[in-house]
Amino acid sequence: MESLFKLTWLIPVFPLLAFGAIVLYVRRWKRVASWLAVAAIAVSLVLSQIVFWVAVGTPHLGEHPFEEVVRWLPTGLSAFEMGVMVDPLTAVMLFMVPLVCTMIFVYALGYMEGDPRYARFFAYVSLFATGMLGLVVANNLLMLFIFWEIMGLCSYLLIGFWFEKPSAMRAGLKAFLTTRVGDAFFLLGLLYLYSQTGTLAFREVLSEETLHHLASMSVTLPIFGTVPVATVIALLIFGGTVGKSAQFPLHVWLPDAMEGPTPVSALIHAATMVSAGVYLVVRMFPLFHAVPHGAAPGVVATIGAFTALFACTIAVAQNDIKRVLAYSTISQLGYMIMALGLGAYVAGAFHLITHAFFKALLFLGSGSVILGAHHEQDMMEMGGLRSRMKITFWTYIAGTLALAGIPPLAGFWSKDEILADAFNHGHYLAWAVGSLAAFLTAFYMGRQIFLVFFGHPRSHHAEHAKESPRTMTYPLLVLAVFAVLLGFVGVPEDFPVLGHLLGNPFHHFVGHEHAATPVNPLVMGLSILLACAGLGVAYLIYGRKPLEEGQPDPLTRLGVVYIVLKNKYGIDELYQATFVWLTIRLADLFAVFDREVIDRVVNAVARGTAIVSDGLFRFVDAPVIDGLVNLVGRAGAWLADLWGRFDLRVIDGIVNGVGAAAQTLGRAFRQVQTGRVQSYILLASVNVVVILAVLYLVL
Amino acid sequence: MIPLTWYLVLSAVLFCIGLYGVLARRNAIAILMGAELMLNSANINLAAFERYVAAGSVAGQVFVIFNIAVAAAEAAVGLALILAIYRSRDTVSVEEVDLLKG
Amino acid sequence: MSGMDYVTLLLPEILLAAGGLAILILGLVWRGRSVYRPFCLLAILVSLGALGATVGMGSVAVALPQGILAVDPFTSFFRVLGLACAALVLLLALGHERLGAEFPGLLLFAVLGILLTAGGANLVMVYVGIELLSITSYVLAGLLREEPRSNEAAIKYFLYGAVAAAVMVYGFSFLLGLTGSLELTGIAEGLRAVSGTPAALRWVAVPAIVLMMVGFGFKVAAVPFHQWSPDVYEGAPTPVTAFLSVGPKAAGFAVMARVFLVALPALQVEWAALLAALAAVTMTVGNLAALWQTGMKRLLAYSSIAQAGYMLIGVASLQVGGGGSLAGDALVALLVYLAAYLLTNLGAFAVVISLEEATGTDAIESYTGLVHRAPWLAAALVFYFLSLVGIPPLACFLGKLFIFSAAIDARLYWLAAVGVVNSAISLAYYFRVVRLMFFEPEAGKEGAVRLPRNLSLAVAVTWVGTAGLVIVGTPVIAWASQSAVLLVR
């Protein structure tokens, strides 16, 4: 039986072959291309199901994971190796990823119908699936990183798929660049880890002695003081997660990524890219908790909890059907990250899996709604779709109840496990934040349901909506089944009746060495109550008296609060003011600098060179000092100009600001490139003197 | 006997005069002459060090000979290039040779 | 050692010199454009023959008397690199009859300069090698005599280079004064002898190192000795630019590694600090200046300045402490990076040359909508760019990985961080081109770009190398490790 594990090698290969075949041979035959992609992912699905069930049937897989390695790159002492590993975590990911991917691929057959770049789309998503599957089966961090980057590249291509829209182009680039900020930290963490341990294989990195070694060493950093090496590495690696899984403050790319086609949104936000970040933390879990009472889990939990609450408050006031789901995703990812930071390994992993199913369902459902409503995305323009799109409606209800945490759907069990774990271990603040977020989640999902499906159509588009084709509705049904039933694999064992009957197989399989958290009736009761309350409030506001066409959102009566939430905390305005203020100050500063310092420098240099020779002086003055004056003096003006012109948001602003500063500097370097060889030689000579002076000062 | 320092000072002065010529003159041929002066200052250094520090080895002298040969080759190529630019632009002033910049 | 032994050991150099001389003389006899191609093919044959001779020699380690040349695996590595570079550049240039018969001849001599520089175990040889490479490069840059831009490139390159060389020799002379020797091993001994007088080291050796770095920095186009390179790259004939972006850099890094490791271990704190600073500045200036370029050759000039910055990280990490293994790893990293960079950059230039032949310009605008006119070419260029950024699993990713881990091993954490940030910045300008090629509607339909056979061969070879280096990394790294270990010993 266990020789079947060797099939793991092949799982990422088929989508890759499909990608190659589509790009090279069948670009022109779009039907062939799309079915090729679907067939490839289906083969991967079958293979992964085999691997999964074999894994389930293998005793003690947790202690002795299957691992197979081929030598790849020898580097001095040790070797980088290419290998696959199947442990319970990999197995459950293999259960989830190809299944959700297949559903999304099938759905895309219908959704992308008529797109001029139909074949290209399937090539890209195939490559994307390769990235995610390779990442899941990798047995070491280097391979994981490689597949991680392949996914980053695909996200750029897919989010910007409709590149005729400038906004889509920008969103794609933003996703790529923002996640690469996180990746830079990840890569540093990787290199640091390698330099300390000489290995990147999970089994060796996460072994007791390596972890102990890493935890016992410490390194002194500026500002932070002396920190255990394990903490530094864990947090650097976590940087990658913050980028990929859209945690605050690198979450900005995710809402914009809605510019991509809806199947891509589902793919990125449910099954692949964002789960990759969480998967990384789950995978490296022992490293995060290697230092007793270390700082890493606290940082992780804080960022997760903050993101969970922060994002779901924003979701409350969004009107774009996909943007609500986007912020919801950010918030749910925050949940998982929080759980992992608090040490709830199984709960975090469980929520990762269940969330993938019902969030994929919701995204695909929203895509069906959008297509049905003639590409209308504003919920205020919808309404009354219940009778017009029956299958979409019922499956969407299933997804909503699962996300809201209504028993006995999937989301209830996983979310409740996180909350119970937090409460039982005395993390009351985290529990409170999580519960509040749960209430808000139920509310915004209720709001969405009532706005989209109930009442009367509020626009021409909604009136003429019709159900989507079968390639789209069938995947919805399949995913809905999982959204309803999947939670039963993780019912706590001490839950009355059910627990005894089902026996919590998920926990036994994935986290047998972690103690199961007992059911807490108080937490569970409150969580159900809050979920129902959220839906109830939504009903009171939007359901009892449906909105009419042109009627404003009742939430506007919240006044300032609504505006604040609608504008994502108004940080745009607030920080724009701050930035403008800062820019003016900076410009002033540069002006003063220009007057006081540069003038003197010019004079001094001029006088100095005049003594040497008049000719030398004239030469220096014209190209070089001019260049310097321009370089420094104008930098202020450029900054003011650039920063004034760009619409600055908080974190966007920083990203843009760095970009603008880089461009400004780049332009300054061009000014120095005068085209005169003598000025080059002069600059080099001056620099030699500077280098010597600095060397003597430093050494 | 003249102390080593004198040679070193001479070569340093020569180096500086050469550099000054490179930086201050506009005529490409004059700049080339400046560079040759710098090269020769290194030659003086090499010969002096050879005599005072590394007496007995001929390494310094060999280097000087090679240096003179290389300098000749360099001057030949340089003059050819200057001639070419004079043909195409009617000038040998490096100030006016700035088509390529940015 | 008998005379025959020398002939065998120096066979690649002898072949190059003989081939170059033959082509130059024959070029005087048979003039005209029709002989250009045969001469280029002859030169390719000569360089491939020399390559075969190098490979056939296997792993030898012989120092010629007086340290004139060290024929060791390190030299062999650069022989292979230089000769492969020559063959590829000649392949790229097959369609450029205007260059005349001097081109293949001079190129062989320039490559001979690389080989001598890499093997030079004596400052005299190092100097002669560098000058042979430089002087031929000046002429190569100015080969298009009737074109003002080519002339200008040559004269700038020449004036800057002449001054840099003079400064470098001036630096060399102080090492002779301090140690009484010009042999690299002799200098190391001499420095150990005077280590008792720190004043001598501080006030003579440190300036000497800085002055030498002017010459080396000029060869690799390291900031602040880089300003000649964008102008020269832009003005020189494009195949020559392709050579200049690779050949002199290889020679410069070879000589830096050998001189610093063999002759100056006593001063490693000083040169490591100097090189680390230069590396950081070089990467940053190169990448930032590239953001604003409108011409492809200039863009690649700044990009290759930035690439030199990454490689300087490798040199800065060459610290001898810790039993030599640290320096060994850093040197392996440098060699791997050089090989990866050579393949990738020459590939990029192959694309640039074919575009230039089709459209007559290297403006970045002319790349608009390239995917419709020449999908394969566009795809190839994207791959080279991704490699230059360091996206896995392409060639330069391997180099970057090695270089950054070498820096971390040498405790240059900040430098590794600057490097990583810089590769993120570089994405911006590479992707500007990618966006134009793929995502802009066509500006003017000019029909398909025809790819001559020699260029498609070059693209294929470099593409396979770029994609394959990581996949079959084992032999490459093993080879680099062998080349590095013997030198450090």
Side-chain angles (χ1 to χ4, degrees), chain B residues 4 8 11-12 15 18-19 22-23 28 31-32 34-50 52-57 59-60 62-67 69-71 73-78 80-89 92 94 97-102, chain C residues 66 122-125 127-128 130-132 134-136 138-139 141-142 145-159 161-183 186 190 211 230-235 289 292-295 298:
Chain B
L4 172 63
L8 298 188
S11 86
F15 185 87
L19 185 61
V22 167
L23 294 177
I31 295 175
L32 175 58
E36 296 292 320
L37 266 188
M38 293 167 75
L39 214 50
N40 278 320
S41 76
N43 280 342
I44 291 177
N45 254 358
L46 286 168
F49 279 134
E50 148 96 49
Y52 285 80
V53 182
S57 92
V62 172
F63 203 162
V64 170
I65 307 275
F66 268 105
N67 220 345
V70 168
E74 205 172 62
V77 166
L81 292 174
I82 293 169
L83 207 63
I85 205 147
Y86 180 73
R87 285 218 185 103
S88 67
R89 299 246 187 116
V92 288
V94 291
V97 181
D98 60 352
L99 278 179
L100 307 164
K101 59 183 163 194
Chain C
Q66 306 286 330
N122 180 317
L123 288 182
V124 179
M125 198 64 214
Y127 174 66
V128 170
I130 288 184
E131 282 301 284
L132 180 55
S134 294
I135 294 176
T136 43
Y138 307 148
V139 184
R145 272 179 294 263
E146 62 286 0
E147 267 197 23
R149 298 171 89 81
S150 177
N151 280 332
E152 179 174 333
I155 198 93
K156 281 180 174 173
Y157 197 14
F158 168 71
L159 290 176
V163 175
V167 173
M168 180 179 74
V169 181
Y170 197 61
F172 285 171
S173 73
F174 284 108
L175 283 184
L176 174 71
L178 198 59
T179 65
S181 173
L182 286 168
E183 277 176 63
L211 294 178
D231 294 3
V232 173
Y233 281 28
E234 186 183 347
W292 278 90
Q293 299 308 320
T294 50
R298 263 192 119 72

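Lettering follows sequence order; numbering is per chain, from 1. Heavy atoms only: backbone and side chains are in, while hydrogens, waters and symmetry mates are out.
Note: C/E234 leads C/E234, C/E147, C/E146 in heavy-atom pairs under 4.5 Å with chain B. Contact count against chain B (heavy-atom pairs under 4.5 Å) is highest for C/S173 among C/A166, C/S134, C/S173. Contact count versus chain C (heavy atoms, under 4.5 Å) is highest, among B/A71, B/G78, B/S88, for B/G78. Most heavy-atom pairs under 4.5 Å with chain B: of the set C/A162, C/S181, C/A153, this distinction falls to C/A162. Between chain C and the residues B/I31, B/N45, B/I82, the largest count of heavy-atom pairs under 4.5 Å involves B/N45. Comparing C/V169, C/T179, C/V128 by how many heavy-atom pairs each has under 4.5 Å with chain B, the most go to C/V169. Counting heavy-atom pairs under 4.5 Å between each of B/L37, B/V22, B/N67 and chain C puts B/N67 at the top.
No more than 12 heavy atoms of other residues, nucleotides or ligands sit less than 6.0 Å from atom CZ of C/R145. For CZ of B/F66, the number of neighbouring non-hydrogen atoms (other residues, nucleotides, ligands) closer than 6.0 Å is 12 at most.
Using modelled atom types, one side-chain atom of C/S150 and one backbone atom of C/A141 make a donor-acceptor pair closer than 3.5 Å. At least one donor-acceptor pair closer than 3.5 Å links the side chain of C/E152 to the backbone N or O of B/L99.
Contacts of B/A48 classified as side chain to side chain contact (heavy atoms under 4.5 Å, CB included), with partners at least two apart in sequence or in another chain: B/L4, B/Y7. Residues meeting the side chain to side chain contact (heavy atoms under 4.5 Å, CB included) test with B/S41, sequence neighbours left out: B/S11, B/L14, B/F15, C/Y170.
Interface residue C/L176: backbone and side-chain heavy atoms are both found under 4.5 Å from chain B. Neither the backbone nor the side chain of B/A47 comes within contact range of chain C; no heavy atom of the residue lies under 4.5 Å from a heavy atom of that chain. Only the side chain of C/Q293 comes within contact range of chain B, judged by heavy atoms closer than 4.5 Å. Neither the backbone nor the side chain of C/P230 comes within contact range of chain B, judged by heavy atoms closer than 4.5 Å.
Note: C/F174 and B/F49 have perpendicular aromatic rings, judged against thresholds of 30 and 60 degrees for the angle between ring planes.
In this structure, the side chains of B/L32 and C/F158 come closer than 4.5 Å at one or more pairs of heavy atoms.
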